[in-house]
Q: 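This structure is in structure tokens; I'll ask about it shortly.
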Amino acid sequence: MLNYDDSDATLCGFYGIRTLDPRTSADLQSRGLVNDDDVDLVSPEINFKRLTDIVNDNTGHVSNVEYAFGSEDVEDPFRGRGTNVVEELLRRHIVESPDDPMVKKFLMSSQKFDSQVFLTTVHSDSSVEQLMQSLQFLERDIQNQTAQLRQVIDENYIKFVDCKRTIDDILFEFKSSKTYAQQERDSSKVYNPSRQRKLQQSESLAAELEESLQNINIASNLMIGPIIESKNKESKLNKVIEFIRTHSFFFDLPSNLIRYLAEHNHDQFIDDYQRFLKEKEEYLAAQNYKHKSAISRPDGEYKDEYQKSQAIINTILSRVFAEIDNIVNEFRKKAYKDLLSMDYEVSTSKYRSKNASNAKFMTLVDKIQLLDSTPSTSPISEFLHTQLDNLSRDFTYQSTKFESKFNGMQSKLGHYMSSLPRCRDGGSQIRFIADKYTSVEAYLRASSNSASLTDNEKDKIILEVFESSDNLDLSIVSETWLVLVNFMSYIDDFLSRNVSKFVTNYAHYHKELASQDHNQELWKLFSQIILDITSNLLALFKDDAAGNQLESAPESYSLFLPHHTNSLSALHYLSILSSKLDEIFTRMGAQVATVGNVSKNVDTNKLIKSLRSSSASITQKLVEAVCSVWINDCSQFYDLEEWQEVHPKNEGGRNGMDSTYTRTMNILEGYEVFVLNKLAKLVFSTSQEDKVRIVAAHPSKRILMSIEIQFMRSLKNLVDSIMKRYTIEKSSEQNTRMKELGLYKILTMNNYDKVSRLIYPRLISVFDKLFDRDLSQQNLKLYVDIDKAGLTILDDFLNEEKHWIESKVNKHFQKIMTFSPTSNSLRVDSFIYEVLVHLVKLVHFVKPITAPDVFVSIMNELQTSFLKMLLECLRAHSHIDNLQGYIGNFKMDVNFFVEVFEGSNYLRLNDISMSTVEITLQMLNEIERETTYSDRQFDDILMKNLKDSEYEFDCFL
């Protein structure tokens with residue numbers, strides 16, 4: 001803390017001075033300082049050392065005076081007062097003495113304090129809890145001292161401000177202490193004897209005087225220079241004024257031209273410009289002659305003066321000429337702009353001269369020709385070049401715009417589809433296929449003669465409904481398709497309107513252009529536009545599939561296929577695109593041929609060949625894309641399966657009856673018929689014969705083979721999809737009636753039967769007819785696979801039923817082995833009723849949906865299986881004594897089972913079952929030791945049970 005009450009003697013002793021108001025250097029001699037008169041006599045190094053000694057001696061700077069640590073500095077901050085870190089270090093032999101430099105690492109007031117060394121050495125034995133308590137104590141102490149420090153600052157704030165202001169005033173006075181005379185002396189360039197001792201001894205007085213004279217001479221020249229320069233400018237200005245007066249036409253022409261344009265006086269504009277060109281040529285010729293004369297004169301001063309003045313005049317004239325050229329160029333640009341804004345197409349009728357558009361076009365052409373003094377190309381050539389440049393720029397802009405918009409729609413579509421709850425990767429909305437067939441059914445129901453319609457007539461109805469643009473796909477998918485369709489419409493319109501106009505103009509003015517277009521620049525630009533359109537289309541309709549293209553997914557064609565599109569929208573829009581592409585390529589071929597016919601020295605064969613190749617390649621990609629979506633939808637057909645939507649039995653099946661199948665099979669058939677017909681329309685071109693055929697009238701063998709392969713893949717995928725639905729239903733944990741009775745298995749088997757016998761043969765016949773193939777005559781492995789799948793499902797159904805029957809038989813035998821028979825126990829056992837009731841359920845639920853011969857086979861298989869299981873169990877337990885009391889019941893069971901089916905017209909036991917019955921009864925007679933009933937009693941009980949269950953089992957009759 002500063003002491004403001006120190007006495008004068010204390011202050012003088014502290015600062016080492018004799019008086020508090022020193023006036024001379026003698027007042028500072030107590031410190032041994034030198035006189036300021038001797039400062040110049042010693043070197044700067046000695047003076048700097050003296051100054052440093054004075055500063056250090058007076059201030060006691062920390063960098064020069066060793067700091068002495070007090071009692072508070074050596075305290076341990078974590079242990080409080082009364083502790084001494086230095087003594088602790090000495091006691092633990094960490095340092096040798098209090099003056100050891102290492103002590104500073106352990107003192108917090110030292111600049112060399114090392115917290116890590118302090119904690120790991122002094123507090124190596126302190127626990128974390130102790131350190132945390134000490135830390136909290138330090139924080140509280142710092143907060144208290146901070147408050148005290150703020151209070152002291154507040155109390156001494158005014159004094160601090162006064163001190164700061166005083167220091168600033170002293171500093172300012174010190175900086176301005178140099179006198180004006182000293183500043184003048186330092187900056188003066190004139191001879192000054194007082195500076196002699198500061199100069200090097202080698203410099204002489206004569207050299208300094210010479211330097212001063214040079215400075216005076218320079219100053220004089222600087223004063224006279226502006227006067228001479230002003231005189232020269234005045235002379236040049238007079239010459240320029242005289243030149244402008246002599247050639248006023250040049251300088252008045254820019255304003256006159258602007259006035260002519262404002263008054264729409266284009267004729268006068270052109271006349272004055274023509275005059276300008278003539279006078280400009282004469283002036284330049286005269287100037288060239290004068291220049292040669294001036295160069296040949298021996299007078300060099302005249303030559304220089306002429307060149308300088310002429311340079312100024314040329315500069316002025318160049319600006320005037322540039323202004324005139326700029327005005328004329330703007331007028332020429334406006335004329336060209338008028339040409340382009342006309343969207344001109346020459347009229348080839350005999351009244352062409354009377355056509356207003358032709359007249360205006362030729363007027364503008366004449367103006368431009370008059371404005372060009374030495375035209376390198378005709379205005380018509382410039383117009384056609386500009387027209388082609390605009391066409392190229394417009395197509396590039398629209399292509400970029402389409403790509404950006406389509407990619408944006410694809411991204412938007414992807415985000416939307418991922419937000420749907422049941423969206424799968426690569427999946428599509430095939431429910432629209434079912435909705436389309438619903439419309440077909442509604443149409444057929446409304447028709448009065450729907451029952452008498454032939455297959456071909458039904459196919460026409462299916463095509464009419466499915467080809468409708470309504471209800472094809474999600475609206476966002478259709479919007480994405482429309483972006484692509486609109487781009488194709490733009491290209492078609494671009495060719496039919498803009499490019500066609502160029503071709504017409506080129507063909508009409510070709511003779512006028514032939515003398516100038518030696519390098520066929522117009523043909524090159526035109527062919528480049530055709531190639532740009534073709535390459536753009538090729539780049540768009542390509543795929544990213546690296547492997548087999550016949551097995552590529554829709555994602556491989558994402559450049560033009562919207563994400564998650566289904567086959568309905570793909571077929572609809574790709575058919576539109578195919579038709580537009582055929583028109584585009586046909587039109588380009590015709591335009592190329594037209595240009596080639598009028599320009600005999602250009603080769604169009606290569607370009608025509610390129611167009612044909614591109615058309616075939618794009619058609620191939622369209623077919624591949626359609627097939628990829630088609631196959632993808634077929635693999636998802638199991639989503640459409642609804643077991644409750646079944647069709648009643650139809651006439652014409654085996655034994656006069658057909659099995660019941662689900663509605664999905666009808667959807668499958670109608671959908672495949674629609675796809676095949678659309679594919680045929682897609683690949684078989686119906687365009688009219690043109691001068692140059694670009695689009696192939698008949699698909700290539702490669703395309704036909706691809707379609708055939710994809711058709712067989714679609715049939716296989718549909719079969720696999722049926723099996724996938726069966727597998728999903730089988731693994732489902734929902735215990736519905738369909739699953740409990742295995743009805744979904746029967747329906748799946750019936751679906752396979754329907755597909756194998758009726759649907760696929762008809763579809764293959766339709767394919768052969770549309771694509772001129774012979775698949776119907778081939779022995780296709782597909783049918784074998786379908787039959788195997790149907791038999792597999794039938795075996796699965798029978799095995800499950802047999803397992804249920806076996807469990808009932810085994811359960812009954814376990815029961816009789818546990819309990820002894822009671823008296824008068826002769827009766828039909830309950831497990832026989834359970835088995836028969838289960839068979840009754842099959843009659844009520846399975847029989848209505850199954851072909852009669854299939855149902856009879858199922859029932860006979862189950863009857864035989866039951867009797868065999870009963871016989872096997874009797875053989876396995878024949879040695880058990882407890883069985884003797886139940887032999888009569890078993891006889892009753894077997895006879896009751898036989899009699900229940902005996903009166904049936906179609907469910908009587910077959911020979912295998914009857915043989916099993918005979919073997920069973922014979923074995924029971926052999927193992928029976930004694931009988932407790934008579935034959936009459938046995939027959940009465942049997943007949944009574946048959947009578948009691950007569951109505952219960954009458955469904956077997």
Q: Looking at CG of Leu581 and OG1 of Thr619, how far apart are the two atoms once the value is rounded to the nearest 0.5 Å?
A: 7.5 Å
Q: With side chains defined as the heavy atoms from C-beta onward, is the minimum distance between Phe637 and Ile667 less than 4.5 Å?
A: yes
Q: With sequence neighbours left out, what residues match Thr454 under side-chain contact (heavy atoms from CB on, under 4.5 Å)?
A: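 Only Asn456, Glu457 meet the side-chain contact (heavy atoms from CB on, under 4.5 Å) criterion with Thr454.
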Q: Verify whether one side chain among Glu641 and Thr662 offers a donor that lies under 3.5 Å from an acceptor in the other.
A: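 Their side chains do contain a donor-acceptor pair, which is all the 3.5 Å distance test asks for.
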Q: Say you draw a straight line from CG of Asp633 to CG of Leu568; how long is it, rounded to the nearest 0.5 Å?
A: 7.0 Å
Q: Quick one: side-chain contact (heavy atoms from CB on, under 4.5 Å) partners of Glu464, sequence neighbours excluded?
A: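 For Glu464, no residue satisfies side-chain contact (heavy atoms from CB on, under 4.5 Å) once neighbours in sequence are set aside.
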Q: Measuring centre to centre across the rings, with the benzene-like ring taken for any Trp, is Phe526 within less than 6.0 Å of Phe502?
A: yes
Q: May I ask you to test the Asn751-Thr664 pair for a side-chain heavy-atom distance under 4.5 Å?
A: no
Q: Is any side-chain heavy atom of Asn717 closer than 4.5 Å to one of Asn632?
A: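 They are not in side-chain contact.
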Q: Can a salt bridge be assigned to the pair Glu583 and Lys580 using a cut-off of 4.0 Å between side-chain N and carboxylate O?
A: no
Q: Roughly how far, to the nearest 0.5 Å, is CG of Leu559 from CG of Leu484?
A: 10.5 Å
Q: Check the angle between the aromatic planes of Phe395 and Tyr490 and answer parallel, tilted or perpendicular using the 30° and 60° thresholds.
A: parallel
Q: Pick one: which of Thr504, Ile529, Val499 meets side-chain contact (heavy atoms from CB on, under 4.5 Å) with Gln591?
A: Val499
Q: Only pairs at least two apart or in different chains count here, so list each side chain to side chain donor-acceptor pair (under 3.5 Å) that has a residue in residues 405-415.
A: none
Q: Walk me through it: do Phe406 and Phe487 pass the test ring pair (Phe, Tyr, Trp, His ring centres under 6.0 Å)?
A: CA-CA 10 Å; Phe406 188 78; Phe487 180 61; 9.7 Å; no
Q: I want to check something: taking the side chain as every heavy atom from C-beta on, are Pro554 and Ser628 in contact at a cut-off of under 4.5 Å?
A: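 They are in contact (side-chain heavy atoms under 4.5 Å apart), so the answer is yes.
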Q: Any side-chain to backbone donor/acceptor pair from Tyr760 onto Leu715? Under 3.5 Å, distance only.
A: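 Side chain of Tyr760 to backbone of Leu715: a pair is present.
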Q: Counting C-beta onward and ignoring hydrogens, is there a side-chain heavy-atom pair between Glu467 and Asn677 closer than 4.5 Å?
A: no
Q: First locate atom CG of Leu474, then atom CE of Met417, and finally report the distance between them rounded to the nearest 0.5 Å.
A: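 Atom-to-atom, Leu474:CG and Met417:CE are 5.5 Å apart.
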Q: Name all pairs fulfilling the ring-ring contact (aromatic ring centres under 6.0 Å, His included) condition that reach into residues 440-475, sequence neighbours left out, sorted by first residue then second.
A: Phe466-Phe674
Q: Charged N to carboxylate O under 4.0 angstrom, Glu669 versus Lys458?
A: no
Q: With rounding to the nearest 0.5 Å, note down the distance linking NZ in Lys754 to OG1 in Thr660.
A: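 Output value for this atom pair is 10.5 Å.
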Q: Would you say Arg663 and Thr438 are linked by a side-chain donor-acceptor pair, where the criterion is simply a distance under 3.5 Å?
A: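 Yes, a side-chain donor-acceptor pair sits under 3.5 Å.
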Q: Would you mind listing every ring-ring contact (aromatic ring centres under 6.0 Å, His included) that reaches into residues 561-595, with sequence neighbours excluded?
A: Trp481-Tyr573
Q: Arg612: which residues meet the salt bridge (charged side-chain N to carboxylate O under 4.0 Å, His left out) condition with it, sequence neighbours left out?
A: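 Checked Arg612 against salt bridge (charged side-chain N to carboxylate O under 4.0 Å, His left out); zero matches.
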Q: I'd like to check the side-chain hydrogen bond (donor to acceptor under 3.5 Å, both in side chains) partners of Glu403; sequence neighbours left out, ordered by chain and number.
A: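 In terms of side-chain hydrogen bond (donor to acceptor under 3.5 Å, both in side chains), with neighbours along the sequence ignored, Glu403 is linked to no residue.
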Q: Indicate yes or no: at least one non-hydrogen side-chain atom of Asp785 is less than 4.5 angstrom from one of Val719.
A: no
Q: For the pair Lys716 and Asp720, find out whether any cationic side-chain nitrogen is under 4.0 Å from an anionic carboxylate oxygen.
A: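 A salt bridge is present here (some side-chain N lies under 4.0 Å from a carboxylate O).
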Q: Donor-acceptor pairs under 3.5 Å, side chain of residues 764-775 to any protein atom, not counting sequence neighbours: which ones?
A:
{"from": "Asp768", "atom 1": "OD1", "to": "Leu775", "atom 2": "N", "distance (Å)": "3.0"}
{"from": "Asp768", "atom 1": "OD2", "to": "Leu775", "atom 2": "N", "distance (Å)": "3.1"}
{"from": "Asp768", "atom 1": "OD2", "to": "Ser776", "atom 2": "N", "distance (Å)": "2.7"}
{"from": "Asp768", "atom 1": "OD2", "to": "Ser776", "atom 2": "OG", "distance (Å)": "2.6"}
{"from": "Arg773", "atom 1": "NE", "to": "Glu708", "atom 2": "OE1", "distance (Å)": "2.9"}
{"from": "Arg773", "atom 1": "NH2", "to": "Glu708", "atom 2": "OE1", "distance (Å)": "2.8"}
{"from": "Asp774", "atom 1": "OD1", "to": "Gln778", "atom 2": "NE2", "distance (Å)": "3.3"}

Q: Evaluate the criterion side-chain hydrogen bond (donor to acceptor under 3.5 Å, both in side chains) for residue pair Ser392 and Gln528; output intermediate values, then yes/no.
A: CA-CA 9 Å; Ser392 180; Gln528 186 59 48; over 6 Å; no
Q: Return the CD to CG distance between Gln644 and Leu747, rounded to the nearest 0.5 Å.
A: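 Going from the CD atom of Gln644 to the CG atom of Leu747 covers 9.5 Å.
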Q: List in chain and number order the residues that pass side-chain contact (heavy atoms from CB on, under 4.5 Å) with Asn486, two or more places apart in sequence or in another chain; answer none if no residue qualifies.
A: Leu482
Q: Can you name the one residue among Trp643, Tyr744, Tyr752 that meets ring pair (Phe, Tyr, Trp, His ring centres under 6.0 Å) with Tyr726?
A: Tyr744
Q: Would you indicate whether Asp425, at its atom CG, is surrounded by more than 12 heavy atoms from other residues, nucleotides or ligands within a distance under 6.0 Å?
A: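 No, not enclosed.
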Q: Partners of Lys701 by side-chain hydrogen bond (donor to acceptor under 3.5 Å, both in side chains), sequence neighbours excluded?
A: none
Q: Sequence neighbours excluded, which residues qualify as side-chain contact (heavy atoms from CB on, under 4.5 Å) partners of Asp455?
A: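 side-chain contact (heavy atoms from CB on, under 4.5 Å) check on Asp455 returns Arg762.
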Q: Could you check whether Ser569 and Asn566, counting side-chain N and O atoms only, form a donor-acceptor pair closer than 3.5 Å?
A: yes
Q: With no hydrogens and no angle check, just 3.5 Å: does a side-chain donor-acceptor pair link Ser706 and Glu624?
A: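 Absent: no donor and acceptor within the cut-off.
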Q: State which residue, out of Val485, Asp493, Ile491, fulfils the side-chain contact (heavy atoms from CB on, under 4.5 Å) condition with Ser489.
A: Val485
Q: Under the salt bridge (Lys or Arg N to Asp or Glu O under 4.0 Å) rule, what pairs show up with a residue in residues 469-486, not counting sequence neighbours?
A: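 Passing the test, one end in residues 469-486: no pairs.
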Q: When Ser614 is tested against each of Ile533, Leu538, Leu537 for side-chain contact (heavy atoms from CB on, under 4.5 Å), which residue passes?
A: Leu538
